[in-house]
Amino acid sequence: MFREFRREVEDALTAALTSMDLPTDDLGVEEPPEDVPAVLASSVAFRLAGELGQAPPQVAARVADEIDGSGYEYVGDVGTQGPYVNFEVSDAYYAATLDGSGDESWGRLEDRGTSVVVEHTSANPTGPVHVGRARNPIIGDAIANSLDFAGYDVTREYYVNDAGRQMALFTWAYERFDEEDLPVPERDRADYEFVRYYRKGNAWLDDADEEEAEAAEAEIEAIIRGLETGDDETYERVSHVVDSVLAGMRESLGRLPAEFDRFVKETQFLRDGSSDALVDRLRESQYAERDEGAWVLDLEEWGIEKSFVFLRSDGTTLYTTRDLAHHEWKFERFDEAITVLGEDQKLHADQLEAALEILGNDIDQLTSTFYSWVNLPEGGMSTREGTGVDLDDLLDEAIDRARDEVEKRLDSRIRDDELDDDDVERIAHQVGIGAVRYDIVSKQPTKGITFEWERALDFEAQSAPYVQYVHARACGILDEADSEGLTVDPTAADPAVLDHPAERELLRTIARFPAVVETAAEDLEPHTVATYVREFAEAFNAFYRECQVLGAEREEVRTARLALVVAARNTVANALAVLGIAAPTSM
RNA sequence: GGGCACGUAGCUCAGUCCGGACAGAGCGUCGGACUUCUAAUCCGGUGGUCGUGGGUUCGAAUCCCAUCGUGCCCGCCA
């Protein structure tokens with residue numbers, strides 16, 4: 001409803017200014033501070049003061065007088081407070097909000113008929129997912145969710161880097177070393193088992209004498225060449241390693257949960273010839289030149305000083321070259337492509353975009369969004385070095401701590417719904433994993449994060465359980481209503497009886513949700529949903545404190561409040577869904 | 001050396017893109033509220049040179065310039 005109201009306010013202001021023969025290019029529409037009794041306000045009077053030769057408050061009064069709100073459904077009182085023109089909402093606004101949010105799809109926007117592929121995570125299949133990378137699936141999943149809610153047709157893609165030197169080295173190490181020479185795996189799962197070969201291979205190469213190293217390098221080179229020329233046997237060997245490790249990684253990611261619609265392998269673009277064809281096209285471009293046997297692009301026109309190598313001097317392709325073919329493949333299948341990348345990829349993303357433009361693509365189709373690393377207090381995390389905290393360990397610890405909390409609270413529990421062991425386990429999972437996700441998704445991705453156990457697993461307010469608790473409370477009320485034989489009928493509710501300030505504030509907050517989804521999707525900023533849902537939880541808790549639902553004195557009030565609780569539950573459930581956080585029905 | 005990001009309360013962060021009403025939360029700390037739909041809750045107190053210095057503007061945390069600090073990146077790795 002907020003979106004419709006905002007449009008009406010803009011219309012009304014434009015009409016008023018036009019009839020006063022004033023410019024309408026900057027309406028100055030903004031959300032006023034909390035204590036102002038208005039949903040939107042305009043600061044346009046400041047800008048017109050000079051032109052009219054009057055002080056802003058006088059200008060505001062004149063503009064407010066000129067506004068005719070009668071033709072609008074949701075515009076209520078229009079008044080001024082000093083230099084500001086304030087717009088209150090009408091009763092119809094509350095009524096429409098209560099009606100709309102009674103639907104479980106509240107917050108889902110109309111279908112846009114636009115397909116978008118969201119590529120995220122795409123961690124190299126070298127070993128278990130560590131916390132340093134965990135920001136990618138959590139942010140990526142939330143971005144995909146917000147686009148889905150905003151009416152896009154979303155495909156979630158994991159791009160598998162199975163063609164580089166890294167995987168060739170891994171395959172060589174896997175075939176070269178015996179398991180008995182390796183440490184016991186940290187977990188009984190493929191990614192933990194295989195990563196031992198990868199680490200061993202790297203360590204061995206670091207220590208090997210020149211002759212040994214050269215022989216090993218020759219074998220690794222042979223694997224790279226085999227992949228490059230599309231040799232089936234080489235592909236099978238590498239695939240065994242890649243698929244095994246990836247299967248393990250998918251289990252970790254699935255716990256978040258972060259699911260993918262498709263896994264696209266880099267080797268696909270070597271095997272189908274698209275990578276070679278692309279190199280030929282690039283070579284013909286005016287920006288291509290040879291440099292010490294390699295082929296490079298001069299990207300100075302794009303403000304990139306260093307030229308970009310797209311073909312090695314030995315004739316093999318590079319990661320970014322193959323990624324070019326990958327992106328053309330995406331452009332053919334989707335209207336828009338979004339990639340969630342670590343901040344270290346910025347230059348590559350710029351080079352990729354420039355090269356795609358040279359190849360004649362419409363680069364408006366592509367948007368890259370970046371996040372900063374999660375580091376340990378003592379430094380970065382590395383799969384190769386085996387430094388860092390595994391995502392599995394973080395999630396296990398989070399669940400353990402959440403379980404302790406649940407059990408600690410069982411004794412002092414007022415509600416007599418008798419949680420059984422399954423409930424305790426369910427809540428521990430929902431809260432533990434939710435807390436980890438909320439901690440990450442609630443911050444701007446560009447901010448650096450230093451991982452600390454205590455902070456990541458803080459269940460206090462401004463964390464997932466605070467919001468989840470609101471959902472559980474709403475469900476609790478509705479359960480109770482159900483067991484008392486009360487039917488919740490939103491159509492029978494009269495929104496006019498919801499005149500308590502806490503009820504009004506809750507409805508106003510609910511009304512904003514679709515607009516929050518819209519901007520989160522447009523700006524690819526899911527953390528704004530996290531901010532919103534926290535504010536929502538505050539509004540609900542105030543309502544919960546001030547307004548008895550089941551114990552309401554009049555039946556019509558109870559009916560209306562029950563409808564409000566349904567609306568609140570739908571809102572918080574969907575906001576949590578966007579963030580990828582579970583909404584517990586009890587806690 | 002060049003480029004990009006970040007710097008807001010003791011700590012963790014919103015707000016910055018699109019300038020506007022006294023800069024907001026949580027944690028911490030101090031005090032208060034459970035015979036009342038779940039106290040993982042709520043209420044009150046405490047706490048800020050918005051890194052620093054200039055500039056633009058009626059108005060700057062927000063825009064511009066400079067500067068300091070931190071992180072990331074700077075062709076044949078991914």
Side-chain angles (χ1 to χ4, degrees), chain A residues 26 28 30 32-36 41 43 45-47 49-50 55-56 81-84 122 124 126 161 163-167 266 291-297 303-314 316-320 323 342-348 350-351 370 372-373 375 380 402 405-406 408-409 412-417 427 431 439 442-444 446-449 452 455 458-466 468-470 472-474 476-481 484 523 525 527-528 530-531 534-535 537-538 541-542 544-552 561 565 586-587:
Chain A
D26 186 354
E30 59 198 61
E34 261 180 53
D35 52 340
V36 175
S43 58
F46 283 111
R47 280 176 288 287
Q81 190 168 332
Y84 295 94
S122 301
N124 295 338
T126 50
N161 306 155
R165 178 190 148 77
Q166 226 175 155
M167 290 320 299
E266 203 180 340
D291 188 0
E292 295 174 29
W295 279 91
V296 304
L297 286 179
I304 300 169
E305 300 237 340
K306 298 276 180 179
S307 55
F308 157 53
V309 177
F310 64 91
L311 194 66
R312 285 195 187 96
S313 43
D314 67 0
T316 56
T317 56
L318 291 95
Y319 171 81
T320 312
D323 205 20
E343 62 177 344
D344 58 330
Q345 307 267 342
K346 275 184 184 171
L347 177 61
H348 293 280
D350 287 342
Q351 290 176 332
F370 302 90
S372 299
W373 295 116
N375 287 317
E405 287 293 322
V406 178
K408 201 166 74 189
R409 289 162 205 272
S412 55
R413 197 176 167 81
I414 294 172
R415 193 176 172 84
D416 57 348
D417 56 357
I427 296 166
V431 168
D439 183 58
S442 62
K443 291 166 185 156
Q444 283 185 54
T446 45
K447 301 235 183 190
I449 294 183
E452 287 165 60
R455 198 163 292 147
D458 183 2
F459 297 150
E460 294 303 316
Q462 226 169 60
S463 167
Y466 176 75
Q468 292 173 313
Y469 190 58
V470 163
R473 273 182 155 177
I477 293 172
L478 296 174
D479 269 359
E480 194 66 26
E484 285 179 24
D523 301 341
E525 288 186 335
H527 77 274
T528 56
T531 303
R534 198 206 71 230
E535 288 168 3
E538 280 164 12
N541 282 325
Y544 186 89
R545 181 184 71 248
E546 304 281 340
C547 305
Q548 280 283 313
V549 177
L550 300 173
R561 284 181 179 168
V565 172
S586 65
M587 276 175 74

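The figures that follow rest on heavy atoms only: side chains count, while hydrogens, waters and symmetry mates do not. From a predicted model like this one, the values you see are computed outputs, not experimental measurements. Residue numbers start from 1 in every chain, and the chains themselves are labelled A, B, ... in the order their sequence lines are given, proteins ahead of strands.
- Atom CE of A:Met587 and atom C1' of B:U41 are 11 Å apart (whole Å).
- A:Ser43 and A:Glu30 form a side-chain donor-acceptor contact under 3.5 Å, judged by distance and modelled atom types alone.
- Counting only heavy atoms from C-beta outward, the side chains of A:Val470 and A:Tyr544 never approach each other to under 4.5 Å.
- Residue order along RNA chain B, read from the 5' end via each residue's closest nucleotide, puts A:Pro33 first among A:Pro33 and A:Thr320.
- What you find for A:Tyr466 and A:Ala537 is that their closest heavy atoms are CE2-CB, 3.5 Å.
- Side-chain proximity of A:Leu318 to the nucleotides B:C77, B:C43, B:C17 is greatest for B:C77.
- Shortest non-hydrogen contact noted between A:Phe46 and A:Pro83 is CZ-CG, 3.6 Å.
- Contact annotation for A:Val470: no contact, since no heavy-atom pair falls under 4.0 Å across all strands.
- Among the heavy atoms of the strands lying under 4.0 Å from A:Ala472 is at least one base atom, whether or not backbone atoms are also near.
- The nucleotide B:C50 finds no pairing partner, because no Watson-Crick or G-U wobble arrangement with both distances shorter than 3.5 Å includes it.
- Exactly one of A:Val549, A:Leu550, A:Ile477 qualifies for a side chain to side chain contact (heavy atoms under 4.5 Å, CB included) with A:Arg561. That residue is A:Val549.
- Nucleotide B:C18 is matched to nothing when pairs are restricted to Watson-Crick or G-U wobble geometry with both distances under 3.5 angstrom.
- Across the P atoms, B:G24 and B:C37 are found 35 Å apart, a figure rounded to whole Å.
- Going from the C1' atom of B:U57 to that of B:G10 covers 35 Å, rounded to whole Å.
- Distance A:Asp350 CG to B:G2 P: 19 Å, rounded to the nearest Å.
- Scanning all heavy atoms of the two residues, the minimum distance from A:Pro56 to A:Ala45 falls at O-CB, 3.4 Å.
- A:Ala41 comes within contact range of at least one nucleobase, with a heavy-atom separation under 4.0 Å.
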(request) Could you run through nucleotides 6-16 of chain B and give me one letter per nucleotide, 5' to 3': B if any protein heavy atom sits under 4.0 Å from the base, S if only the sugar-phosphate is that close, - if neither? (result) SS---SSSSSB
(request) Would you sort out whether A:Gln351 and A:Leu297 count as a side-chain contact (heavy atoms from CB on, under 4.5 Å), showing the intermediate values? (result) CA-CA 9 Å; A:Gln351 290 176 332; A:Leu297 286 179; over 6 Å; no
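- Under the Watson-Crick or G-U wobble criterion, with both distances below 3.5 Å, B:A25 is paired with B:U12.
- To the nearest whole angstrom, the two C1' atoms, one in B:A23 and one in B:U49, are 14 Å apart.
- For the OP1/OP2 pair of B:A40 and a distance below 4.0 Å, the side-chain nitrogens and oxygens of A:Arg409 include at least one atom meeting the criterion.
- Residue contacts shown for A:Val565 are absent, as no nucleic acid heavy atom lies under 4.0 Å away.
- Rounded to whole angstrom, the span from the CZ atom of A:Arg545 across to the C1' atom of B:A39 amounts to 13 Å.
- Here the separation of B:U62 from B:C50, taken at their P atoms, is 9 Å to the nearest Å.
- Nucleotides B:U16 and B:G7 place their P atoms 12 Å apart, quoted to the nearest Å.
- When distances are taken from the side chain of A:Tyr466 to each of B:A21, B:G75, B:C42, the shortest belongs to B:C42.
- Toward the 5′ end of RNA chain B lies the nearest nucleotide of A:Glu546, the other residue of the pair A:Glu546 and A:Val296 mapping further downstream.
- For the pair A:Arg47 and A:Gly28, the tightest heavy-atom approach, listed with the atom from each and the gap, is NH2-CA, 3.2 Å.
- Within the nucleic acid shown, A:Ser586 comes within 4.0 Å of at least one base atom, counting heavy atoms only.
- Residue A:Asp26 is classed as having no contact, given no heavy-atom separation below 4.0 Å to the nucleic acid.
- Between the C1' atoms of B:A66 and B:U56, the separation comes to 15 Å (whole Å).
- Closest contact between the side chain of A:Val431 and the listed nucleotides B:A40, B:A21, B:A39 involves B:A40.
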(message) Between A:Thr317 and A:Leu311, does the side-chain contact (heavy atoms from CB on, under 4.5 Å) criterion hold? Intermediate values first, please.
(response) CA-CA 5 Å; A:Thr317 56; A:Leu311 194 66; 4.1 Å; yes
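- For the atom pair CG (A:Leu347) and CZ (A:Phe308), the distance works out to 9.5 Å, reported to the nearest 0.5 Å.
- Minimum heavy-atom separation, A:Lys443 to A:His527: O-CB, 3.7 Å.
- The distance between atom CD of A:Glu292 and atom C1' of B:G75, rounded to the nearest whole Å, is 10 Å.
- Within the structure, a side-chain polar atom (N or O) of A:Asn541 is placed less than 4.0 Å from OP1 or OP2 of B:C42.
- Under the Watson-Crick or G-U wobble criterion, with both distances below 3.5 Å, B:U57 has no partner in any strand shown.
- At whole-Å resolution of the value, OH in A:Tyr544 and C1' in B:C34 are 11 Å apart.
- B:A40 is unpaired under the Watson-Crick or G-U wobble criterion, no partner having all donor-acceptor distances under 3.5 Å.
- Note on A:Leu478: nothing from the nucleic acid sits closer than 4.0 angstrom, heavy atoms only.
- Counting non-hydrogen atoms of other residues, nucleotides and ligands closer than 6.0 Å to CD of A:Glu484 gives a total above 12.
- Comparing the C1' positions of B:C17 and B:C6 gives a spacing of 15 Å, expressed to the nearest Å.
- Residue A:Glu538 is classed as a sugar-phosphate contact, given heavy-atom separations below 4.0 Å to backbone atoms only.
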(message) One character per nucleotide, please: for nucleotides 61-74 of chain B, 5' to 3', B when the base has a protein heavy atom closer than 4.0 Å, S when only the sugar-phosphate does, - otherwise.
(response) ----------BSSS
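- A:Phe310 comes within 4.0 angstrom of no nucleic acid atom, judged by non-hydrogen atoms across all strands.
- Residue-level contact check: A:Asp314 touches neither bases nor backbone, having no heavy atom under 4.0 Å from any strand.
- Nucleotide B:U35 has no partner under the Watson-Crick or G-U criteria, as no pair reaches both atom distances under 3.5 Å.
- Nucleotides B:C30 and B:C72, compared at atom P, are 38 Å apart to the nearest Å.
- For A:Leu550 and B:U36, the CG to C1' distance is 12 Å, given to the nearest whole Å.
- When Watson-Crick and G-U wobble pairs are counted only if both distances are under 3.5 Å, B:C6 pairs with B:G69.
- With its glycosidic angle within 90° of 0, B:G75 is assigned syn.
- For the pair A:Phe46 CZ and B:G59 C1', the computed distance is 7 Å after rounding to whole Å.
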(message) As a quick check of understanding, evaluate side-chain contact (heavy atoms from CB on, under 4.5 Å) for A:Val431 and A:Met587, giving each step before the final call.
(response) CA-CA 9 Å; A:Val431 168; A:Met587 276 175 74; 3.9 Å; yes
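- Regarding contacts with the backbone of B:U57, every side-chain N or O of A:Arg47 stays at 4.0 angstrom or more from both OP1 and OP2.
- B:G1 and B:C74 make up a base pair, with Watson-Crick or G-U wobble contacts both under 3.5 Å.
- What you find for A:Ala474 and A:Val565 is that their closest heavy atoms are O-CG1, 3.6 Å.
- Look at CZ on A:Arg473: it is 13 Å from P on B:U36, rounded to the nearest Å.
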